[in-house]
Amino acid sequence: MERIAVLTSGGDAPGMNAAIRAVVRTGLDQGWEVWGVRHGYTGLIAGDLIPLGARDVGGIIQQGGTVLGSARCPEFETEAGRMMALRMLAEHDIEAVVIIGGNGSQAGAHALSQMGCPVVGVASTIDNDLYGSEITIGVDTALDIALEAIDRLKVTASSHHRAFLIEVMGRECGYLALMSGIAGGAEAVVIPEVETDPEVVAADLRAAYERGKAHGIVVVAEGARYNAEGLAAYFQEHHERLGFDLRVTTLGHVQRGGAPGAFDRLLATRLGAAATRHLAQGEHGILVGLLKGEIKPTPLSEVVANKKPLDLELVQLARVLAE
Ligand code: ADP
């Protein structure tokens, strides 16, 4: 092999740059040329590729986001779009692609691999909803950002004896909400995986107040049926009966943009290096992720066919710890 490409796709995650850097430098170490594709699958279809040297990826390990840019590209979900991408790769003499991204991006990676292109995926999404990696690039940093917000809200909530609701990201997955709720000491956690009755949330907050707590913090996942908007509206509608309001903070994209912490830099570096190692060994059609503390490959066919389960025992733990 002489030339590979690397791209970042879908939602950006802190640590993506560390993964790009690792792919480029370990690829160069193999004696290959490494090209960067700009703006994910959109750039692949448009042939927006640039050669990357060791210096081009200097000074990026500590930066959030992705220096290559990312995009959502509906065209890549069509066979015609992917055929165009294959043509661009052939025109640039690129023999394999490393695809850094989450669920959707790895579905795209699988589709490309099915069409005969050697592909290795790198598990990267703050949502932590990707099968094949117990934790993905960006999750740890996103959790830290959520915790900083929760800790601050707790201070003001305690000063005013108020109830606060904080919505975190995660799409259809409650991982970020559950973990930040546990680590932030929330009084209630609302996630898509568990049907939640707003009356129970209200009762939990009232009970916490009666037990002498000075604050009431509810962490909700954006994908929950009662997310920030739904829950706040319910509390407003039943304000007189429930007796209190919920002040809403939606973290949104603030959660994505942080500088990657040590864990994400190291995970991204190890996964990026593993991706080129697998390609050097002629192995592709796989995703590299962290499983039981080790960097392991999982076939992309398995990744797209499975959903990562959330450990529901932790939901129970969150309730007990809210005591
Ligand atoms: P993430 O990788 O963060 O989950 P998305 O779900 O937005 O992000 O997916 C990123 C991109 O991956 C999409 O815009 C699309 O180009 C591509 N993609 C998603 N699903 C598929 C699919 N089933 N087949 C081919 N490409 C896909």
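Counting convention: from 1, in listed order, for ligands and their atoms alike.
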query = With distance as the sole criterion, is a donor-acceptor pair present between the side chains of D12 and T66 under 3.5 Å?
reply = no
ask   = What residue among V119, I286, L112 forms side chain to side chain contact (heavy atoms under 4.5 Å, CB included) with L300?
value = V119
key: Those protein residues which place at least one heavy atom below 4.0 Å from ligand 1   = S9, G10, G11, Y41, R72, C73, F76, E77, R82, G102, N103, G104, S105, A107, G108, R171
Fellow cluster residues of Y131, listed by chain then number, with links counted only when side-chain atoms sit under 4.5 Å apart = none
remark   = Those residues at least two apart in sequence (or on a different chain) that pass side chain to side chain contact (heavy atoms under 4.5 Å, CB included) with N128 are I135, T136, V139, Y175, K308
inquiry  = Once side chain to side chain donor-acceptor pair (under 3.5 Å) is applied, do any residues pair with H92, and if so which ones, sequence neighbours excluded?
reply    = none
inquiry  = Before you tell me yes or no, could you show the steps for E199 and Y234 under side chain to side chain donor-acceptor pair (under 3.5 Å), namely the whole-Å CA-CA distance, both residues' side-chain angles and the distance that decides it to 0.1 Å?
reply    = CA-CA 9 Å; E199 291 293 330; Y234 187 93; 2.5 Å; yes
